[in-house]
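Following: one structure in structure tokens, then a few remarks.
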Amino acid sequence: MSNSTETNYVVNAQQLVCVASFLAKEGHQTELLAALADLIADTRREAGCIRYELNVSRDEPRRMTFVEKFVDLAAFEQHCAKPAIQHYFHHIMPQWVESYQVETYHQVIA
């Protein structure tokens with residue numbers, strides 16, 4: 001019988017998970033998808049990148065979401081500072097993104 005104070009999970013506070021979701025402006029999903037896909041290869045080569053996966057919503061094809069994992073906050077911050085990422089946020093998003101949400105997490109391992 002287990003003690004009620006025991007936990008059968010651990011929160012991985014070292015690694016950082018980011019979920020970044022972008023809703024394309026009407027009629028611009030093809031351009032946005034291409035711009036986001038262009039970020040994948042270089043990001044996956046970053047030393048601190050564990051996972052960098054782009055998904056398109058089944059329910060709303062204009063919504064595209066990255067699920068990202070980095071070894072730590074410093075690696076994520078280095079990623080965000082990369083010229084290609086800065087270019088995307090400052091030049092691509094204003095043209096083709098209607099709305100977006102970026103959230104960061106720590107993985108729960110059970």
Side-chain angles (χ1 to χ4, degrees):
M1 186 166 193
S2 69
N3 182 332
S4 62
T5 61
E6 290 179 25
T7 59
N8 54 356
Y9 66 89
V10 62
V11 176
N12 181 345
Q14 177 71 28
Q15 294 178 349
L16 185 131
V17 176
C18 176
V19 178
S21 186
F22 306 93
L23 181 65
K25 289 180 181 177
E26 199 69 50
H28 291 286
Q29 60 218 51
T30 301
E31 295 97 333
L32 181 59
L33 184 57
L36 292 171
D38 282 347
L39 301 173
I40 295 172
D42 286 341
T43 299
R44 286 183 176 164
R45 286 192 287 272
E46 292 174 20
C49 180
I50 297 171
R51 177 181 182 187
Y52 200 71
E53 172 187 304
L54 181 59
N55 302 275
V56 176
S57 171
R58 291 179 53 220
D59 301 319
E60 171 52 88
R62 292 190 304 139
R63 180 159 316 281
M64 294 145 213
T65 302
F66 272 116
V67 178
E68 312 169 19
K69 185 187 267 189
F70 292 87
V71 295
D72 57 21
L73 178 60
F76 176 68
E77 288 174 342
Q78 289 172 358
H79 163 72
C80 292
K82 294 278 185 185
I85 301 302
Q86 288 296 306
H87 177 76
Y88 170 76
F89 273 95
H90 296 290
H91 300 284
I92 303 299
M93 274 185 48
Q95 296 177 62
W96 298 329
V97 174
E98 181 176 307
S99 64
Y100 72 99
Q101 183 171 356
V102 177
E103 295 183 294
T104 57
Y105 301 87
H106 293 297
Q107 181 181 4
V108 176
I109 301 168

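Computed from a predicted model, the values in this text were never measured in an experiment. Side chains are part of it too, since the values below use all heavy atoms of this structure and drop only hydrogens, waters and symmetry mates.
- In this structure, the separation between OH on Tyr52 and CG on Asp42 is 10.0 Å, given to the nearest 0.5 Å.
- Across Pro61 and Gln29, no two heavy atoms sit closer than the pair CB-NE2, 4.1 Å.
- The two residues Gly48 and Ala75 come nearest to each other via the heavy atoms CA-CB, 3.7 Å.
- Applying the side-chain hydrogen bond (donor to acceptor under 3.5 Å, both in side chains) criterion to Gln107, with sequence neighbours excluded, gives Lys69.
- Here the CG-CZ distance, from Leu39 to Arg44, works out to 11.5 Å after rounding to the nearest 0.5 Å.
- Nearest heavy atom pair, residue Ile85 against residue Cys80, reads CG2-O, 3.7 Å.
- Counting heavy atoms from C-beta outward, Phe66 and Ile40 have side chains that approach closer than 4.5 Å.
- Distance CG/Leu23 to CZ/Arg62: 4.5 Å, rounded to 0.5 Å.
- Considering Phe70, Phe89, Tyr88 in turn, Phe70 is the only one that fulfils the ring-ring contact (aromatic ring centres under 6.0 Å, His included) rule with His79.
- Contact check for Lys25 versus Trp96: no side-chain heavy atoms found under the 4.5 Å cut-off.
- Not counting sequence neighbours, the partners of Glu77 by the side-chain contact (heavy atoms from CB on, under 4.5 Å) test are Leu73.
- Closest non-hydrogen pair, Glu68 versus Ala20, comes out as OE2-CB, 4.0 Å.
- The two residues Glu53 and Arg51 have their closest heavy-atom pair at OE1-NH2, 3.0 Å.
- For the pair Leu33 and Leu54, the minimum side-chain heavy-atom distance is below 4.5 Å.
- Remark: of the listed residues Gln101, Arg63, Glu103, Arg63 is the sole one forming a side-chain hydrogen bond (donor to acceptor under 3.5 Å, both in side chains) with Ser21.
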Next item on the list: Walk me through it: do Lys82 and Glu46 pass the test salt bridge (Lys or Arg N to Asp or Glu O under 4.0 Å)?
Entry: CA-CA 10 Å; Lys82 294 278 185 185; Glu46 292 174 20; 5.0 Å; no

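- The structure places OG1 of Thr104 at 5.0 Å from CG of Leu16, a figure rounded to the nearest 0.5 Å.
- Under the 4.5 Å side-chain heavy-atom criterion for Ile, Leu, Val, Met, Phe, Trp and Tyr, Val67 and Val102 are members of distinct hydrophobic clusters.
- Placement of Val11 and Val17 in two distinct hydrophobic clusters is found when ILVMFWY residues are connected by side-chain heavy-atom separations under 4.5 Å, directly or transitively.
- Residue Val71 is not grouped with residue Tyr105 when hydrophobic side chains (ILVMFWY) are merged at heavy-atom distances under 4.5 angstrom, including chains of intermediate members.
- By the rule that hydrophobic residues join a cluster once side-chain heavy atoms approach within less than 4.5 Å of another member, Val56 and Leu36 end up as members of one cluster.
- Here the side chains of Thr65 and Ser57 are not in contact, with every heavy-atom distance at 4.5 Å or above.
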